[in-house]
Amino acid sequence: GAVVSQHPSWVICKSGTSVKIECRSLDFQATTMFWYRQFPKQSLMLMATSNEGSKATYEQGVEKDKFLINHASLTLSTLTVTSAHPEDSSFYICSATDRNNEKLFFGSGTQLSVL
Amino acid sequence: RKEVEQDPGPFNVPEGATVAFNCTYSNSASQSFFWYRQDCRKEPKLLMSVYSSGNEDGRFTAQLNRASQYISLLIRDSKLSDSATYLCVVTVANDYKLSFGAGTTVTVRA
């Protein structure tokens with residue numbers, strides 16, 4: 001079964017609205033979670049790294065005020081796309097590691113379509 | 001230059017054929033290498049790690065060439081279920097900050 005649960009799987013929203021995506025580790029404590037974005041026929045691009053209880057580290061070119069990441073507990077990280085626009089339409093996917101960084105698990109991804 | 005580059009394909013092959021493709025990486029300090037499989041709009045799934053000595057897992061063979069900075073994946077006796085996009089993944093250190101290639105699409109036809 002899935003060890004990282006991500007939802008929603010699909011989101012269709014109007015331009016200007018905010019969308020929250022959740023990523024939960026189901027049977028382990030995820031001290032670090034990663035958020036990726038993937039445009040069609042392109043590679044997964046790391047957006048940010050979040051560590052439980054601290055601020056996320058954003059990759060160059062990713063607006064931290066637009067993509068709000070919260071990792072308030074060891075089992076939950078959220079990504080909020082604020083004031084979404086059509087160009088934010090993409091496949092967003094999270095991944096998580098356990099305390100020992102022994103394994104990496106991916107969520108099932110969220111396809112965001114902004115109209 | 002991109003950190004990880006792959007031939008996007010698509011590679012269209014008949015069932016039973018052998019297909020192989022490479023992936024080049026730019027950072028000579030890269031330490032760990034993986035092949036992931038991704039089906040359309042799904043999460044990537046680890047296919048296999050790539051070891052320095054090369055390794056095989058059933059019909060899949062992966063090789064690493066550090067001197068030329070590339071890894072390869074070979075699929076023997078292709079099955080229809082092998083149709084997918086294969087992602088080359090590289091990491092510099094064991095911190096799981098992965099660098100992904102854009103993927104190579106393989107389509108196996110009956």
Go through the atoms of L46(A) and report whether side chain, backbone, both or neither lie under 4.5 Å from a heavy atom of chain B.
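Interface part for L46(A): side chain.
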Counting a contact as any heavy-atom pair under 4.5 Å apart, which residues of residues 101-110 of chain B contact chain A?
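From residues 101-110 of chain B, the residues near chain A are G101(B), A102(B).
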Using a heavy-atom distance cut-off of less than 4.5 Å, which residues of residues 53-72 of chain A contact chain B?
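Those residues of residues 53-72 of chain A which have a heavy atom under 4.5 Å from chain B are E59(A).
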Treat each ILVMFWY residue as a node, draw an edge where side-chain heavy atoms are under 4.5 Å apart, and state whether V114(A) and M47(A) are in one component.
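Yes: a chain of side-chain contacts under 4.5 Å links V114(A) to M47(A).
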Same cluster (ILVMFWY, side-chain, under 4.5 Å), L115(A) and V11(A):
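Result: no, two separate clusters.
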Minimum heavy-atom distance between G107(A) and I93(A), given as atom pair plus value
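Nearest pair, atom of G107(A) first, then I93(A): O-CD1, 3.3 Å.
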What are the two closest heavy atoms between Q38(B) and K42(B), and how far apart are they?
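Residues Q38(B) and K42(B), closest heavy atoms: NE2-O, 2.8 Å.
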Under 4.5 Å from any heavy atom of chain A, what part of P8(B) do you find: side chain, backbone, both or neither?
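For P8(B), no heavy atom lies under 4.5 Å from chain A.
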Contact origin within Q6(B) toward chain A - heavy atom pairs under 4.5 Å
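For Q6(B), there is no contact with chain A at all, as no heavy atom is under 4.5 Å.
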Side chain to side chain contact (heavy atoms under 4.5 Å, CB included), paired with E43(B), selected from F106(A), F105(A), F91(A):
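It is F106(A); the other options fail the test.
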Side chains of L112(A) and C13(A), heavy atoms from C-beta outward: is any pair under 4.5 Å?
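Yes - at least one pair of side-chain heavy atoms lies under 4.5 Å apart.
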Side chains of C94(A) and V4(A): does their closest heavy-atom pair fall under 4.5 Å?
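With C-beta onward as the side chain, the pair touches.
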Hey, can you pull the donor-acceptor pairs under 3.5 Å for the side chains in residues 45-58 of chain B, sequence neighbours left out?
unit_1	atom_1	unit_2	atom_2	d
N55(B)	OD1	Y51(B)	N	2.9
N55(B)	ND2	S49(B)	O	2.7
E56(B)	OE2	R76(B)	NH2	3.4

Using the test side chain to side chain donor-acceptor pair (under 3.5 Å), find all partners of Q111(A) that sit at least two apart in sequence or belong to another chain.
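Side chain to side chain donor-acceptor pair (under 3.5 Å) check on Q111(A) returns R41(B).
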Just wondering, are more than 12 heavy atoms of other shown residues or ligands nearer than 6.0 Å to CD in Q38(A)?
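Counting neighbours around CD of Q38(A), more than 12 heavy atoms of other residues, nucleotides or ligands fall under 6.0 Å, so yes.
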How far does CG of L64(B) sit from CZ of F33(B), to the nearest 0.5 angstrom?
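Rounded to the nearest 0.5 Å, the CG-CZ separation comes to 5.0 Å.
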